[in-house]
J.: 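For reference, the structure I am asking about is given below.
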Amino acid sequence: MSAMDKIKKMLKGHEDQAGKGVDKAGDMVDDRTQGKYRGQVDKAQDKAKQQFGEGDRDNPPRG
């Protein structure tokens, strides 16, 4: 079992909380870098949320 599988198993049922944590971490990175990497941070946040099962329900990923 990979580390990502273990994390997903632990977060099952808590996707919203995981998404909030991802948002908070991304905001901290944006603050510390003064928004220099905002686009990359936003993409990373979206990918992390998709991995943890939350995703952007209003804008599903384009296939």
Side-chain angles (χ1 to χ4, degrees):
M1 183 180 286
S2 72
M4 185 58 77
D5 290 336
K6 289 179 183 180
I7 293 170
K8 286 180 185 180
K9 186 176 178 182
M10 287 187 329
L11 294 176
K12 189 169 185 149
H14 303 283
E15 292 85 2
D16 291 338
Q17 291 174 334
K20 288 178 185 177
V22 169
D23 286 337
K24 195 170 189 177
D27 292 344
M28 184 185 71
V29 171
D30 278 339
D31 287 344
R32 291 192 179 209
T33 61
Q34 298 172 348
K36 186 175 181 180
Y37 303 104
R38 182 166 287 139
Q40 290 91 336
V41 170
D42 289 343
K43 286 181 185 178
Q45 286 174 310
D46 291 341
K47 291 277 186 182
K49 287 180 183 180
Q50 288 173 2
Q51 286 290 321
F52 298 139
E54 184 186 55
D56 188 355
R57 293 183 181 106
D58 296 332
N59 298 314
R62 293 179 235 159

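Numbers here are sequence positions counted from 1. Every value quoted in this text rests on a predicted model; they were computed, and no experiment measured them.
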J.: Show, in sequence, the C-alpha distance, side-chain angles and deciding distance for Val41 and Lys36, and conclude whether the side-chain contact (heavy atoms from CB on, under 4.5 Å) test is met.
T.: CA-CA 10 Å; Val41 170; Lys36 186 175 181 180; over 6 Å; no

J.: Count I, L, V, M, F, W, Y as connected when their side-chain heavy atoms are under 4.5 Å apart, and connections chain through other members. Are Met28 and Val22 then in the same cluster?
T.: no

J.: Could you pull out all residues at least two apart from Asp5 that satisfy side-chain hydrogen bond (donor to acceptor under 3.5 Å, both in side chains)?
T.: Ser2

J.: Side chain of Gln50, backbone of Ala48: donor and acceptor closer than 3.5 Å?
T.: no

J.: I need the Asp42 CG to Asp23 CG distance, nearest 0.5 Å.
T.: 9.5 Å

J.: Taking only residues two or more places apart in sequence, or in another chain, which ones meet Asp30 in a salt bridge (charged side-chain N to carboxylate O under 4.0 Å, His left out)?
T.: Arg38

J.: Identify whether Met10 and Met4 are in the same connected component of the hydrophobic contact network (ILVMFWY, side-chain heavy atoms under 4.5 Å).
T.: no

J.: How many angstroms lie between atom CD of Gln17 and atom NZ of Lys20, to the nearest 0.5 angstrom?
T.: 7.0 Å

